[in-house]
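Everything on this sheet refers to the single structure shown next.
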Amino acid sequence: MNATHFEGSLPAQEFSNILLDEVENGIYRLTINRPKTLNALNADTLKEMDAAIEILEADPSARVLLITGAGEKSFVAGADIEHMSHLTPIEGKAFAEQGMRIFRRLETLRIPVVALVNGYALGGGCELAMSCDFILAAENAKFGQPEVNLGITPGFGGSQRLTRLVGRAMAMELLVTGRTMSAEEAMRRGLVNHVYPQAELADEGMKLAAMIAGKSSSAIQLTKQLVQRGQDLDLDNACVMESDLFGLSFSTEDRQEGMSAFLENRKAKFS
Ligand code: CAA
């Protein structure tokens, strides 16, 4: 077992299936750490991810979360098939609900979440990446929802998020054939933000994280809400929400600092 002791400002936490570390001030990295199974997700791994999200939710200094997989071959090769092979239908539903709830919690986390996809992102791995705000992929990344090959459907939101991200026709093709997409195709279809050589992925992730961490955290938090909540609203209600949160952003210290800095011709220093 590869237990990780997380020493944050919050109570220390033991993890066996994930690693959680603060790479730089406010920039956290969560690594799915089951390389022998290509980082497949079982119930214990999901539970630890939930505990990690709890730590980040409670930490006001957290600015960005990077998520990646241990090793050079795989981000996450899906839900753990060995684990699932023993589940009854009721337990299968509970497993899906567990993953669904945790991925939603990740998606609605206050801070931006960046998936660094360093290899296979299949089934639950593709679903995990799609629950993040950004996907940066290594050139060797492969995306797909191959559940049909196992005689099951996606269970952690894949059929819904993929359809919203790449459109109905392509989502149907990927879900029904179970074929995988290269990183380049995934970028072309709007799933992935950028593709980098494998050796550069971690550094590019840090560059993006540092850029985000230097900006106003209150403005970023509100902007994330606008995009996340707005995409499921009709345009009228989404625009009402935008004026409301625009107004709310005027109540922050960051707005004072951001506008003063512009008018004084200096770089803003956000708190
Ligand atoms: N669950 C459990 N173990 C897995 C796994 C998974 N999803 N994916 C890979 N592994 C294990 C393999 O069993 C193997 O273990 P052993 O060494 O003990 O035999 C080890 O990881 C290495 O895998 P391979 O030898 O298969 O490696 P490969 O390079 O030949 O192939 C692969 C890589 C194409 C990713 C292949 O492993 C594969 O097809 N994995 C399954 C992918 C999949 O079907 N994912 C969807 C799961 S269902 C799901 O996720 C449902 C949901 O929506 C919630």
Side-chain angles (χ1 to χ4, degrees), residues 1-2 16-19 30-50 53 67-107 113 115-132 135 137-166 170-186 191-192 198 201:
M1 293 290 237
N2 197 349
S16 308
N17 300 288
I18 66 168
L19 305 168
L30 190 164
T31 307
I32 311 296
N33 189 30
R34 302 186 70 219
K36 285 192 181 135
T37 61
L38 302 184
N39 305 318
L41 302 174
N42 59 9
D44 286 345
T45 309
L46 290 173
K47 235 186 256 171
E48 291 185 9
M49 291 172 72
D50 205 18
I53 296 170
I67 299 190
T68 194
E72 299 204 331
K73 192 170 167 184
S74 183
F75 173 67
V76 167
D80 190 314
I81 299 169
E82 207 282 321
H83 171 72
M84 288 189 295
S85 70
H86 304 291
L87 301 182
T88 64
I90 298 288
E91 289 166 343
K93 181 168 191 282
F95 183 51
E97 285 168 350
Q98 183 192 17
M100 208 73 91
R101 181 179 61 72
I102 294 163
F103 285 12
R104 186 68 183 142
R105 196 171 179 193
L106 197 61
E107 191 166 46
V113 182
L116 300 180
V117 177
N118 54 325
Y120 292 112
L122 303 178
C126 189
E127 290 166 317
L128 173 59
M130 290 192 292
S131 303
C132 299
I135 302 180
E139 281 166 350
N140 68 327
K142 292 255 182 282
F143 295 83
Q145 298 288 156
E147 286 87 346
V148 282
N149 299 330
L150 299 168
I152 58 171
T153 67
F156 297 164
S159 60
Q160 304 312 306
R161 289 197 179 88
L162 190 63
T163 307
R164 283 164 172 74
L165 287 166
V166 303
M170 189 44 60
M172 190 66 89
E173 178 185 316
L174 291 163
L175 291 160
V176 167
T177 65
R179 80 168 171 88
T180 55
M181 273 189 294
S182 66
E184 186 279 322
E185 181 182 353
L191 197 69
V192 160
Q198 169 102 323
L201 184 66

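In listed order, ligands and their atoms are each counted from 1.
- Salt-bridge check for R101 with E97: failed, with every basic side-chain N at 4.0 Å or more from each acidic carboxylate O.
- When the options N118, L116, N39 are evaluated for a side chain to side chain contact (heavy atoms under 4.5 Å, CB included) with F75, the one that passes is N118.
- Of the candidates V117, L162, L122, L174, V117 is the only one forming a side chain to side chain contact (heavy atoms under 4.5 Å, CB included) with F143.
- In this structure, E91 places its CD atom where more than 12 heavy-atom neighbours from other residues, nucleotides or ligands lie under 6.0 Å away.
- Closest approach of Q145 to C126, counting heavy atoms only: OE1-CB, 3.2 Å.
- L41 CG to L128 CG: the interatomic distance, rounded to the nearest 0.5 Å, is 6.5 Å.
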In a simple table, one pair per line, please give the protein and ligand 1 atom names for every N or O pair closer than 3.5 Å, along with the distance.
from     : atom 1 : to   : atom 2 : distance (Å)
ligand 1 : 1 (N)  : I81  : N      : 2.9
ligand 1 : 7 (N)  : A77  : O      : 3.0
ligand 1 : 7 (N)  : A79  : O      : 3.0
ligand 1 : 21 (O) : K36  : O      : 3.3
ligand 1 : 29 (O) : K73  : NZ     : 2.7
ligand 1 : 45 (N) : A77  : O      : 3.0
ligand 1 : 50 (O) : A79  : N      : 2.9
ligand 1 : 50 (O) : G124 : N      : 2.8
ligand 1 : 53 (O) : E127 : OE1    : 2.7
ligand 1 : 53 (O) : E127 : OE2    : 3.3
ligand 1 : 53 (O) : E147 : OE2    : 2.7
ligand 1 : 53 (O) : G155 : N      : 3.0

